Student: 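Below are the structure tokens for one structure; questions will follow.
These values consider heavy atoms only, across backbone and side chains, with no hydrogens, waters or symmetry-generated copies. Each chain gets a letter, A, B and so on, in the order the sequences are listed, and its residues count up from 1. Quantities reported herein were computed from a predicted structural model and do not represent experimental measurements.
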There are 2 protein chains.
Amino acid sequence: MRVSAKADYAVRAAAELAAAEEGPVKGERLAEAQDIPLQFLEHILLELKHVGIVRARRGAKGGYWLAKPANEITIADIVRAVEGPIAHVQSDPPEMIEYRGNAEHLKEVWIAVRANLRAVLEHVTLADLVSGEMPAVVEELAASPDAWAPR
Amino acid sequence: MRVSAKADYAVRAAAELAAAEEGPVKGERLAEAQDIPLQFLEHILLELKHVGIVRARRGAKGGYWLAKPANEITIADIVRAVEGPIAHVQSDPPEMIEYRGNAEHLKEVWIAVRANLRAVLEHVTLADLVSGEMPAVVEELAASPDAWAPR
DNA sequence: GACTTTCCTGACCTTTTTGGTCAGGAGCGC
DNA sequence: GCGCTCCTGACCAAAAAGGTCAGGAAAGTC
């Protein structure tokens, strides 16, 4: 239940792209802006390109840019691109698992977990992230001091 | 963002313990009931014992039982015991991370993610799990057909 | 057309995690 | 003392995490 460096990097790089008005941004600039190892970042950007989130051009004046408007790309899209499906259990989606005996209702718990993850990840767009104006769900969750407490 | 086999096993074994009225349950019985490799399960139960969720006695008539009433143990307790902290980013808790540039508000997103994970995991107890009567949060989330759809 | 720039790709690498197994020891009950 | 069951550490193989390296291929510039 943790967020990998790769996913974190991917979102941060995408945020930079979302903020860049006009023209392609070099990988190197993204790497510097977010302090990400360049060569690792290039692999990540390639993955984002393969799933159609990002586009790129080589050569001088080349670089990366978003394939779609920033308000049409969610954090979930990016996380799925680099980490695969969200909230799988033992590499299977929760709805596919059959639990036995007294664990029968565990399925619903994992379903709820996934639903609540989606409730955040699928509603925050890159545009939201860059502007800092989060959807209501996030505002409410982040407003509680409890959410900021370690445990 | 996935649930490990270990966490899944741990919760299932704990559910069996919660359901077992009276007396210690042998590891072997738990392993059979939930189809978990016995030796692996023993290691898991040991971890649960170390954090005070489970108690055990050896010898004939020995076995495992819950250290506390089933309605005082949450899924979060168990997941933390075997997987460590929930929703860490790059092995750091979200509130400790400083984001730069256009990713500045990413922190709030991860905080919200964690909060929503907690909203489920910390509110479902073992008693809820075996009885099948989930807290309202889970009922509502699991009620939506959308929550059951892959993506 | 040569040269530079920047992306593209696959191979490789180390460390950690995951998901186990194995062998033996230690305590409990009879 | 004997059998049962937990307890513990060592070990192991495969995968994932987090990168690095080397070279190739397109695009633009002179």
Student: Would you call A/R151-B/E122 a salt bridge at under 4.0 Å N-O?
Tutor: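 Looking at A/R151 and B/E122, the cut-off is met.
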Student: Which comes earlier along DNA chain C counting from the 5' end, the contact point of B/A60 or that of B/V82, where each point is its nearest nucleotide?
Tutor: B/V82
Student: If you check every side-chain atom of B/E42, which of D/dG19, D/dC6, C/dG19 has the closest atom?
Tutor: D/dC6
Student: Answer with yes or no whether B/H43 presents, from its side chain, a donor or acceptor under 3.5 Å of a partner atom in the base of D/dG9.
Tutor: yes
Student: Name the closest nucleotide to the B/A56 side chain, picking from C/dT21, D/dA27, D/dC6.
Tutor: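 Looking only at heavy atoms from C-beta outward on B/A56, the closest nucleotide is D/dC6.
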Student: Is the shortest distance from a Lys or Arg side-chain nitrogen in B/R114 or B/E95 to a carboxylate oxygen in the other one below 4.0 Å?
Tutor: yes
Student: Identify which nucleotide among C/dC7, C/dA26, D/dT29 has an atom closest to any side-chain atom of B/R58, counting heavy atoms from C-beta outward.
Tutor: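 Out of C/dC7, C/dA26, D/dT29, the nucleotide with an atom closest to B/R58's side chain is C/dA26.
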Student: Quick check: are there more than 12 heavy atoms from other residues, nucleotides or ligands sitting under 6.0 Å from CD of B/Q90?
Tutor: yes
Student: Measure CD/B/Q90 against P/D/dG18 and give the value in whole Å, please.
Tutor: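 My rounded result for the distance is 7 Å.
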Student: Would you say D/dA17 has OP1 or OP2 under 4.0 Å from some side-chain N or O of A/K6?
Tutor: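 A/K6 to D/dA17 OP1/OP2: no side-chain N or O under 4.0 Å.
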Student: Could A/R2 and B/E83 be called an ion pair, given the rule that one side-chain N must be under 4.0 Å from one carboxylate O?
Tutor: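 Salt bridge between A/R2 and B/E83, a charged N being under 4.0 Å from a carboxylate O: no.
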Student: Check this one for me: any side-chain N or O of A/Y9 less than 4.0 Å away from OP1 or OP2 of D/dG19?
Tutor: yes
Student: At under 4.0 Å, does any side-chain N or O of B/K61 touch on OP1 or OP2 of C/dG29?
Tutor: no
Student: Just compare C/dG20, D/dC7, D/dA22 and give me whichever is closest to any side-chain atom of A/Q39.
Tutor: D/dA22
Student: Start at the 5' end of DNA chain D and walk down; is the nucleotide closest to B/R55 or to A/L38 reached first?
Tutor: B/R55
Student: Under 3.5 Å, is there any donor-acceptor pair linking the side chain of A/R57 to the base of D/dA27?
Tutor: no
Student: Can you confirm whether B/K61 is buried at NZ, in the sense that more than 12 heavy atoms of other residues, nucleotides or ligands lie under 6.0 Å from that atom?
Tutor: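 Check fails, neighbour count at 12 or below.
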Student: For A/H50 and C/dC8, is the shortest distance between a side-chain N/O and OP1 or OP2 below 4.0 Å?
Tutor: no
Student: Looking at the side chain of B/P37, which of D/dT20, C/dT21, C/dT9 is the nearest nucleotide?
Tutor: C/dT21
Student: Under 4.0 Å between any heavy atoms, over every strand shown, what does A/R2 touch: base, sugar-phosphate, or nothing? Just pick one.
Tutor: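 Counting heavy atoms under 4.0 Å across all strands, the contact made by A/R2 is with sugar-phosphate only.
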Student: Just to confirm, is there a sub-4.0 Å distance from OP1 or OP2 of D/dC6 to any side-chain nitrogen or oxygen of B/K49?
Tutor: no
Student: Heavy atoms from C-beta onward define the side chain here; which of D/dT29, C/dC8, C/dG19 lies closest to that of B/F40?
Tutor: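 The answer is C/dG19, which lies nearest to the side chain.
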